[in-house]
2 protein chains.
Amino acid sequence: MANPAEDVRPPTMADVAREAGVSHQTVSRVLSDHPNVRAATREQVTLAIERLGYRRNSAARALVTRRTRTLGVIAVNTALYGPASTLTGLEEAAREQGYLVSTVSLRTGEGQGLKDAIDHLASWGVEGVVAITPQRSHVQALAELDAPFPVVTVEGGHQLDLPGVSLDQELGARMVTEHLLAAGHGNVWHVAGPDDWLESEARTAGWRTVLEEGGIRPPRVLTGDWSPLSGYRAGQELAGLALARRGATPVTAVFVANDQMALGVLRALREGGIRTPGQVAVAGFDDIPEAEFFPPPLTTVRQDFAAIGRRSIGLLVDHIEGRARKVEHLLVEPQLIMRASTRPSNES
Amino acid sequence: MANPAEDVRPPTMADVAREAGVSHQTVSRVLSDHPNVRAATREQVTLAIERLGYRRNSAARALVTRRTRTLGVIAVNTALYGPASTLTGLEEAAREQGYLVSTVSLRTGEGQGLKDAIDHLASWGVEGVVAITPQRSHVQALAELDAPFPVVTVEGGHQLDLPGVSLDQELGARMVTEHLLAAGHGNVWHVAGPDDWLESEARTAGWRTVLEEGGIRPPRVLTGDWSPLSGYRAGQELAGLALARRGATPVTAVFVANDQMALGVLRALREGGIRTPGQVAVAGFDDIPEAEFFPPPLTTVRQDFAAIGRRSIGLLVDHIEGRARKVEHLLVEPQLIMRASTRPSNES
DNA sequence: AGGTTGATTGTTAGCGCTCACAACAGCGTG
DNA sequence: CACGCTGTTGTGAGCGCTAACAATCAACCT
């Protein structure tokens, strides 16, 4: 009842030790699952811990072990389906390995923000960072940063000296393009993502390669910014070309670099009175949950975001715990999801 | 060149003190912006810090101050647009206030996972938690948990003794329903979200209230699970009802509880040969980025997720830093976004 | 029996920092 | 000129924990 000081401090290891009639070191041993503790003693301590509601102080522990068991994640565009899914995968994998994850979302993508984010995380003593850095400029900034802890990139490309995990974007693009050619199209147009993005580049490269391998001259590339609106604009242009029926390359198939833009393209085509897939086949990339219900259901490339998250945490933890071999680059396989938007129909 | 021990420890405050020719305490004062430090001394110390690349050890600091300046966030369905956006808002707000945010994503929504998540965060010494708990069962579990730190709920309803921030879901539903009635529809059907979700309930309640206030008997509620597929199924049922033209309530307007399901409904109606908005008007909720490009562009309710994030962090920090008045509930205003899917047309 | 081993427990010394307080200078004031 | 005040700096203790070592005891071997 006497309550002189308002702040009742949480119990410490010493409190538990007193309660259990042992030394604080024995309590520590029980908590760390040290083998050499008598079963009866262990029992005593466990009971005392429960009675007092004791919980190990992680700050004190981190201070002496020099391990915070905290990882940082830096991501851009965290509200989008792709990054958000990767984040979830990362977090779960880290938790399984006994790490805490702290996230920093970057709004825009300039280097300064990234530097600040690393600083913010470093000042909290993270042991490593996963950076989701899909833009070339980020990766550049990251490489120049020289952080005092291991850094693993996601979708950061494989040119740099940083370990990283990526989806095999180029393979995904190849799969889509080959699928469209196999369906009988003489050529495939492409709506690409923004220039600075590595994913854009890889998808465009995959598309281009397939065409060139088939002896087909790739048509001019249209560019968007991943948003449905930008896809809509590109779609209007394509619709114009499809209707004009002149110019070198007829528009009968389009590979759009992500599903959101594909949605815009589909709308523009529809408004132009062009039937999909009847007159123009359309394919996307990402397999967002909505894609199956687009008009028409969208052929696209599925990314296993959870696997990407899991593998990057694996890589990072390997580095932190000294198991790291050299700088490694992991590729995750994409999966082609075929739906109505590229279904061959009986009309040309 | 001599490098006997491989682990070169990072510099400590004492190292900086020696380098600058002052005591460690003076270094601490400089770092904490204490006013009573001579400008020249401050300069010396700052220089020494820079020379050594010194960084304050947060574990040691946390140990003595009993403040970790870390917040936890618990969220379900983090890959969806809504939660992901809220998360981003939370994180930015927390960082501005000088806190680190650690996220835990829950896959399924049962109480045990939530308890584990709280435990996980507690063992890292978070000072407070924001729980995005849109399901009734979560909120229940949360209330029974009695965590050793303040907890703020997001979309957790206002029945409980926990402070919380929510969008005014009911108001949003009212706005949509009133909009549809004003457009001349005699009644409005409703495709609701899953039962356990507070957002579903509030949206359904808002819809029902408006109808009843207008003396209209609400038709039977269809239920989905937020997914486009479930919306598609509901849409098929609605299409059947719309075509049959018998039964008490004709189907001319539908308020769907989220945009993803609305996408499914639109597809089903289209497949049933029903024109939107010509024969049936459809409205959604959330304003996902894709909504503007649905066929047709979807009337919906926009949520200011960033504001929700910001305000919940504000509430939480107020509690942590003792500024908290009582248990408070904040409501964020929704915004009706009118698009083609509910545009009155010249046909019935 | 004497010594050695292994299991179990306790003791001590920090980890790097902040807080409380002491020390000291320089200044104005009665 | 003694006193107190303010501004500036230093000293010592201790936050709660783990790691290294010491101590104790029973069991075991030759």
Side-chain angles (χ1 to χ4, degrees), chain A residues 5 7-46 48-49 52-70 98 122-127 148, chain B residues 5 7-46 48-49 52-70 98 122-127 148:
Chain A
D7 75 314
V8 191
R9 288 203 193 164
T12 72
M13 207 168 250
D15 296 331
V16 176
R18 202 174 315 112
E19 174 84 11
V22 297
S23 77
H24 66 132
Q25 179 59 289
T26 300
V27 178
S28 172
R29 276 192 270 258
V30 169
L31 252 29
S32 329
D33 275 325
H34 190 96
N36 292 347
V37 178
R38 204 149 39 97
T41 311
R42 186 182 297 274
E43 177 86 359
Q44 285 301 312
V45 171
T46 311
I49 287 174
L52 300 181
Y54 170 74
R55 193 163 251 156
R56 211 151 50 177
N57 179 320
S58 62
R61 196 170 145 74
L63 178 57
V64 62
T65 57
R66 294 158 203 294
R67 300 282 320 265
T68 57
R69 299 198 72 84
T70 300
S123 75
W124 254 266
V126 297
E127 296 185 39
Chain B
D7 76 315
V8 192
R9 288 203 192 164
T12 72
M13 207 169 249
D15 297 330
V16 176
R18 202 173 317 112
E19 174 85 12
V22 296
S23 77
H24 65 132
Q25 177 61 329
T26 301
V27 178
S28 172
R29 275 191 271 257
V30 170
L31 250 31
S32 327
D33 274 327
H34 191 97
N36 291 348
V37 177
R38 204 148 41 98
T41 311
R42 185 181 299 274
E43 177 86 359
Q44 284 302 311
V45 171
T46 311
I49 287 174
L52 300 182
Y54 169 75
R55 192 163 254 156
R56 209 149 54 173
N57 180 320
S58 62
R61 196 171 146 75
L63 179 57
V64 60
T65 58
R66 294 156 205 294
R67 300 282 322 265
T68 57
R69 299 198 72 85
T70 300
S123 76
W124 253 268
V126 298
E127 296 185 41

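The analysis underlying the following values was restricted to heavy atoms, covering all of them including side chains, and did not include hydrogens, waters or symmetry mates. In the text below, chain A, chain B and the rest are named by the order of the sequence lines, each starting its count at 1.
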**Request:** Locate the shortest heavy-atom distance separating A:Ala122 from B:Arg55; write the atom from each residue and the value.
**Result:**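 Taking every non-hydrogen atom into account, CB-NH1, 3.3 Å.
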**Request:** Give the B/S/- string for nucleotides 14-20 of chain D, one per nucleotide from 5' to 3', where a protein heavy atom under 4.0 Å of the base yields B, of only the sugar-phosphate yields S, and otherwise -.
**Result:** BBBSBBB
State, with a plain yes or no, whether a side-chain heavy atom of [X] is found less than 4.5 Å away from one of [Y].
X: A:Thr12; Y: A:Asn57; result: no
X: B:Thr70; Y: A:Trp124; result: yes
X: A:Glu19; Y: A:Pro11; result: no

**Prompt:** Between atom CG in B:Asp33 and atom C1' in D:dT8, what is the gap in whole Å?
**Reply:**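 Rounding to the nearest Å, CG of B:Asp33 and C1' of D:dT8 are 16 Å apart.
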**Message:** Tell me the interatomic distance from B:Arg18, atom CZ, to D:dG10, atom P, rounded to whole angstroms.
**Reply:**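 That distance rounds to 14 Å.
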Enter the distance from [X]:[atom1] to [Y]:[atom2] here, rounded to the nearest 0.5 Å.
X: A:Thr26; Y: A:Met13; atom1: OG1; atom2: CE; value: 10.0 Å
X: B:Arg66; Y: A:Arg9; atom1: CZ; atom2: CZ; value: 3.5 Å
X: A:Ser58; Y: B:Leu63; atom1: OG; atom2: CG; value: 10.0 Å

N/O-N/O pairs, protein side and nucleotides 5-8 of chain C side, under 3.5 Å:
none

**Asked** Counting only side-chain N and O atoms of B:Thr26, is one of them less than 4.0 Å from OP1 or OP2 of D:dG10?
**Response**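 Looking at the OP1 and OP2 atoms of D:dG10, one of them is under 4.0 Å from a side-chain N or O of B:Thr26.
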**Item:** Qualifying residue for side chain to side chain contact (heavy atoms under 4.5 Å, CB included) with A:Val22, from A:Val37, A:Val30, A:Val16, A:Val27
**Value:**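 Considering A:Val37, A:Val30, A:Val16, A:Val27, a side chain to side chain contact (heavy atoms under 4.5 Å, CB included) with A:Val22 is found only for A:Val27.
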